[in-house]
Amino acid sequence: MEHIQKAVEKLASPRLRAAVSIQTTLLSSLTNLMREEGMMQLLPVMVSPITDPLSHSVLEGSIKYGSIELQLTKSMILHKQLALASGLEGVFIISPNVRLEHPERGSTGRHLLEFSQLDFEMRGRKMEDVMRFSERLLAQAFSDVKKRHEKELELFGRELRIPSTPFRTYDSRDLEREYGPDWERIISSSSKDPVWVTNHEREFYDAEDPDKPGTFRNYDIIYPEGFGEGLSGGEREWEHSRILYRMEKKGMDASPYSAYIEAARMGKLVPSAGAGFGIERMLRYVCGVAHIEEVSPFAKVPGKEIIF
Ligand code: ASN
């Protein structure tokens with residue numbers, strides 16, 4: 001009963017109203033810039049035989065449709081790549097992602113069982129293009145929030161900085177060497193503006209540097225003040241043989257991805273780069289709150305009772 005009361009009180013609170021109005025501005029600023037860039041908006045895919053394999057472990061999230069097994073979307077990465085086959089220069093989606101995170105992640109302040117990602121992909125672009133574009137997106141969105149939401153930011157006691165660009169860039173291997181496995185928390189807590197961390201060994205679809213095997217052309221934005229990771233993206237593997245090679249190196253079973261692999265074999269995947277912002281994480285940072293659930297009306301926190 002107490003949990004229900006708390007959930008209802010949160011829904012009725014001025015803080016939540018303020019958060020949702022800031023979120024509305026963030027989304028319109030970000031997507032307007034994408035439209036100005038000539039990118040087209042896709043509608044979300046929520047179930048499919050294929051989804052992002054992810055590089056971290058989550059609980060199983062498939063559903064049965066008769067005898068067919070469908071995955072709940074973990075991210076639309078593979079669909080973003082496939083959508084560029086149409087000849088579009090760039091695509092974006094406000095994409096609902098379901099990731100059944102292990103219960104321990106409930107205390108990180110930034111994990112939910114379902115979240116929304118502003119996910120985008122640009123044909124023929126390189127990692128540097130996406131990094132510069134993402135910085136512009138953040139700087140513009142934050143400055144629009146500052147202009148329009150003085151009162152709401154005051155309610156959160158938040159002094160929002162407009163980040164200077166370009167953000168500092170670190171290589172994950174250097175950070176690991178210097179700070180050990182806890183590097184993300186350390187670099188986030190000691191920074192004033194967001195930073196980039198590049199070169200992560202993760203899913204098969206993030207491109208390996210052809211000139212430096214073992215180095216990866218991907219990147220994350222780490223928010224400052226301890227807020228941690230808020231975007232991840234990369235240049236992509238798109239050639240049939242490279243996709244098979246990367247899947248094999250990862251020890252993946254390629255059979256569930258046969259249609260995607262066939263599209264690559266037919267030459268329908270194109271060179272691209274992209275990324276995705278976690279919308280709730282961005283809002284948490286902008287409002288400066290400890291837990292994402294404070295700014296998310298129907299938050300499903302791993303390991304916690306689910307009310308609405
Ligand atoms: N959206 C991410 C990307 O574009 C993928 C993810 O969310 N796992 O790389």
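Just follow the structure's listing: the first ligand is 1, and inside any ligand the first atom is 1. Along the sequence shown, residues are numbered consecutively beginning with 1.
- Considering only residues two or more places apart in sequence or on other chains, E201 meets the salt bridge (charged side-chain N to carboxylate O under 4.0 Å, His left out) condition with none of them.
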Determine whether E121 and S272 satisfy the following criterion, side chain to side chain donor-acceptor pair (under 3.5 Å), listing intermediate values before the conclusion.
CA-CA 7 Å; E121 195 71 18; S272 68; 2.7 Å; yes
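- Heavy atoms of E235 come nearer than 4.0 angstrom to ligand 1 in no pair at all.
- With ligand atoms numbered from 1 in the order given, ligand 1 contributes 1 (N), 4 (O) to contacts under 4.0 Å with heavy atoms of D119.
- The closest protein non-hydrogen atom to atom 6 (C) of ligand 1 is D52 OD2, 3.5 Å.
- Ligand 1 has at least one atom lying under 4.0 Å from a heavy atom of R99.
- Between S75 and D119, the side chains place no donor N or O within less than 3.5 Å of an acceptor N or O (distance only, hydrogens not considered).
- Using a 4.0 Å cut-off to heavy atoms of S232, the atoms of ligand 1 that qualify are 2 (C), 3 (C), 4 (O), 9 (O).
- Within the structure, ligand 1 has K80 among the residues with a heavy atom less than 4.0 angstrom away.
- Listed by number with element, the atoms of ligand 1 under 4.0 angstrom from any heavy atom of A275 are 4 (O).
- Contact atoms of ligand 1 toward Y205: 5 (C), 8 (N) (distance under 4.0 Å to a heavy atom of the residue).
- Residues satisfying the salt bridge (charged side-chain N to carboxylate O under 4.0 Å, His left out) test with E262, not counting sequence neighbours, are R265.
- Residue Q117 has at least one heavy-atom neighbour below 4.0 Å for each of these atoms of ligand 1: 1 (N), 2 (C), 7 (O).
- Of the options R242, R236, R217, a salt bridge (charged side-chain N to carboxylate O under 4.0 Å, His left out) to E208 is made by R242 and by none of the others.
- Q140 and D144 share a donor-acceptor pair across their side chains, judged by distance under 3.5 Å alone.
- Among protein heavy atoms, the minimum distance from atom 3 (C) of ligand 1 is reached at R236 NH2, 3.3 Å.
- No more than 12 heavy atoms of other residues, nucleotides or ligands sit less than 6.0 Å from atom NE2 of H3.
- Put simply, no part of F120 is less than 4.0 Å from ligand 1, judged by heavy atoms.
- Under the 6.0 Å distance and 45° angle rule, R158 counts as a cation-pi partner of Y285.
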